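What you see is a predicted model, and the numbers here were worked out from it, not measured in a lab. Lettering of chains follows the sequences in order, A, B, ..., and the numbering in each one begins at 1.
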2 protein chains.
Amino acid sequence: MPTKELLCEENCIHTELLAKSKQNIPDDDTLITLSDLFKVLGDMTRVKILSALLKNELCVCDLSEIIGMGQSAVSHQLRVLRASKIVKFRRDGKSIFYSIDDDHVRQLFEIALSHIREES
Amino acid sequence: MPTKELLCEENCIHTELLAKSKQNIPDDDTLITLSDLFKVLGDMTRVKILSALLKNELCVCDLSEIIGMGQSAVSHQLRVLRASKIVKFRRDGKSIFYSIDDDHVRQLFEIALSHIREES
DNA sequence: TAAACAGATGAATAAGTGTTCATATGTTTA
DNA sequence: TAAACATATGAACACTTATTCATCTGTTTA
């Protein structure tokens with residue numbers, strides 16, 4: 001049985017490496033915004049919606065059909081994507097057309113796909 | 001009160017747009033792997049760990065210190081990062097050093113940061 | 001070899017998230 | 001203006017996920 005705390009002691013810390021790394025860490029606000037953005041992309045339904053929208057704009061009803069999910073579910077997810085400024089929308093008659101509001105999304109998808117494909 | 005189902009009728013579907021978009025959607029396996037990758041990046045603790053590791057390798061104890069969390073929590077998160085092939089590790093004496101196993105991570109971070117900064 | 005230590009891991013709990021159902025909003029058209 | 005329609009939204013529920021605690025594994029060193 002251990003006689004001391006199980007927490008890391010100071011003797012295991014590599015001070016120089018640690019100092020360098022510490023400089024590289026963004027402030028908490030940035031970290032939160034960054035992880036929130038990835039969180040939004042980290043859902044299959046939303047990835048599917050975005051994949052569809054990368055080609056051209058679509059209305060909620062189209063999206064509902066294309067991803068095989070109820071209108072409400074799609075609408076809820078579009079709300080999340082809207083909040084992250086990833087998609088924008090315009091009204092045309094009764095329909096509301098959604099489209100990608102940011103070319104970064106395309107780039108993120110491409111790089112992520114590269115990562116996936118490199119693994120055996 | 002409506003006399004019919006509330007589900008989208010076929011008349012609201014934009015057939016041509018839909019057909020084009022459908023081609024652009026990857027198969028389900030790819031969609032799952034893609035969203036899983038983003039899901040791994042969609043957590044502040046893991047983003048913090050990766051930010052630190054982008055500079056140089058660090059042991060679990062260093063990471064625990066740098067992100068201000070217990071050793072167990074860090075270890076659990078490293079497990080997730082390992083599973084996604086995002087980090088690798090090597091043993092050196094009693095310490096285990098973790099480092100980034102994929103330059104795509106750096107690119108993903110940079111693009112995501114661009115997206116964030118463009119918004120007012 | 002026994003103690004000390006770095007790290008991993010299972011179980012438990014608390015917090016977060018996605019889908020569905022029911023209903024509300026706002027536009028169009030008869 | 002009333003019905004029909006496209007979309008939005010609140011509440012509820014099931015499911016997932018992150019952290020903590022306790023314990024275990026494996027390496028080093030005295």
Side-chain angles (χ1 to χ4, degrees), chain A residues 1-14 18 31-32 35-36 38-49 57-65 67-84 87-98, chain B residues 1-14 18 31-32 35-36 38-49 57-65 67-84 87-98:
Chain A
M1 53 191 94
T3 54
K4 260 190 166 184
E5 286 285 331
L6 279 173
L7 296 173
C8 285
E9 308 294 324
E10 296 210 352
N11 44 339
C12 90
I13 288 182
H14 307 85
L18 211 149
L31 286 171
I32 290 171
S35 57
D36 280 353
F38 286 126
K39 203 174 287 177
V40 169
L41 300 176
D43 175 82
M44 193 194 170
T45 301
R46 290 192 290 265
V47 166
K48 214 166 175 178
I49 289 174
E57 63 175 9
L58 291 169
C59 75
V60 180
C61 189
D62 295 331
L63 285 167
S64 180
E65 215 280 332
I67 71 172
M69 265 187 157
Q71 174 269 319
S72 179
V74 173
S75 201
H76 276 295
Q77 298 300 359
L78 286 170
R79 187 181 209 275
V80 174
L81 292 170
R82 244 159 43 211
S84 302
V87 300
K88 64 187 177 202
F89 61 97
R90 69 180 182 86
R91 178 151 227 144
D92 180 26
K94 275 182 285 188
S95 296
I96 294 184
F97 282 90
Y98 280 83
Chain B
M1 51 191 93
T3 54
K4 260 190 170 185
E5 286 285 332
L6 279 174
L7 296 173
C8 284
E9 309 293 325
E10 297 211 351
N11 45 339
C12 89
I13 288 182
H14 308 85
L18 210 150
L31 287 170
I32 290 171
S35 56
D36 279 353
F38 286 126
K39 202 173 288 177
V40 169
L41 299 176
D43 175 82
M44 193 194 170
T45 302
R46 289 191 290 264
V47 167
K48 216 166 173 178
I49 289 174
E57 64 176 8
L58 290 169
C59 74
V60 180
C61 188
D62 295 331
L63 287 166
S64 179
E65 214 281 331
I67 70 172
M69 266 187 158
Q71 174 268 319
S72 180
V74 173
S75 200
H76 276 296
Q77 297 300 358
L78 286 170
R79 188 180 210 276
V80 175
L81 292 169
R82 245 159 41 211
S84 301
V87 300
K88 64 185 178 210
F89 61 98
R90 69 178 182 87
R91 178 152 226 146
D92 180 26
K94 276 181 285 189
S95 296
I96 294 185
F97 283 89
Y98 279 85

Item to check | Separation of dT27(C) C1' from Arg91(A) CZ (nearest whole Å) | outcome: 5 Å

Item to check | Non-neighbouring partners of Ser75(A) that pass side chain to side chain contact (heavy atoms under 4.5 Å, CB included), sequence neighbours left out | outcome: Gln71(A)

Checklist entry - Is there a donor N/O on one and an acceptor N/O on the other, under 3.5 Å, for the side chain of Gln71(B) and the base of dA6(C)? => result no

Next on the checklist: It should be established whether Arg79(A) places a side-chain nitrogen or oxygen under 4.0 Å from OP1 or OP2 of nucleotide dA8(D).
Outcome noted: no

Checklist entry - Listed by chain and number, what are the salt bridge (Lys or Arg N to Asp or Glu O under 4.0 Å) partners of Asp92(A), not counting sequence neighbours? => result none

Checklist entry - Roughly how many Å is it from CE in Met44(A) to C1' in dC15(D), rounded to a whole number? => result 17 Å

Checklist entry - Taking NE2 from His76(B) and C1' from dA18(D), how many angstroms apart are they, rounded to a whole number? => result 9 Å

Checklist entry - Within the structure shown, what part of the strands sits under 4.0 Å from Phe97(A) by heavy-atom distance: base, sugar-phosphate, or nothing? => result nothing

Checklist entry - What nucleic acid atoms does Ser95(B) come within less than 4.0 Å of, heavy atoms only: base, sugar-phosphate, or nothing? => result sugar-phosphate

Next on the checklist: Which residues pass the side-chain hydrogen bond (donor to acceptor under 3.5 Å, both in side chains) test with Arg82(A), not counting sequence neighbours?
Outcome noted: Tyr98(A)

Item to check | Rounded distance in Å - CG (Leu63(B)) to C1' (dT19(D)) | outcome: 17 Å

Next on the checklist: From the set dG10(D), dA8(C), dT19(C), return the single nucleotide nearest to any side-chain atom of Arg82(B).
Outcome noted: dA8(C)

Checklist entry - According to a strict under-4.0 Å criterion, is Tyr98(B) in side-chain N/O contact with OP1 or OP2 of dA8(C)? => result yes

Checklist outcome for this item: Side-chain contact check for Ala73(A): nearest option of dA8(D), dT19(C), dG7(C) is dT19(C)

Item to check | Residue pair Ile96(A) / Leu78(A), side-chain heavy-atom distance below 4.5 Å | outcome: no

Checklist outcome for this item: Separation of dC5(C) atom P from His14(A) atom NE2, nearest Å, is 15 Å

Item to check | Heavy-atom pair with the smallest gap, counting every atom of Ser95(B) and His14(A) | outcome: OG-CE1, 3.7 Å

Checklist entry - Is the base of dT9(C) touched by the side chain of Ser72(B) through a donor-acceptor pair closer than 3.5 angstrom? => result yes

Next on the checklist: Taking salt bridge (Lys or Arg N to Asp or Glu O under 4.0 Å) as the definition, give me every residue that meets it alongside Asp36(A), ordered by chain and number, with sequence neighbours left out.
Outcome noted: Lys39(A)

Hey, what are the protein-to-nucleotides 14-18 of chain C N/O distances that come in under 3.5 Å?
unit_1	atom_1	unit_2	atom_2	d
dG18(C)	OP1	Arg46(A)	NH1	2.9
dG18(C)	OP1	Arg46(A)	NH2	2.7

Checklist entry - How many Å lie between CD on Glu65(B) and C1' on dA6(C), as a whole number? => result 16 Å

Checklist entry - Out of dG10(D), dT7(D), dC5(C), which has the shortest distance to the side chain of Lys94(B)? => result dC5(C)

Checklist entry - Which whole-number value in Å describes the distance from Asp36(B) CG to dT17(D) P? => result 8 Å

Item to check | Atom-pair distance (CZ on Phe89(A); C1' on dT9(D)), nearest Å | outcome: 14 Å

Item to check | Arg90(B): salt bridge (Lys or Arg N to Asp or Glu O under 4.0 Å) partners, not counting sequence neighbours | outcome: Glu57(B)

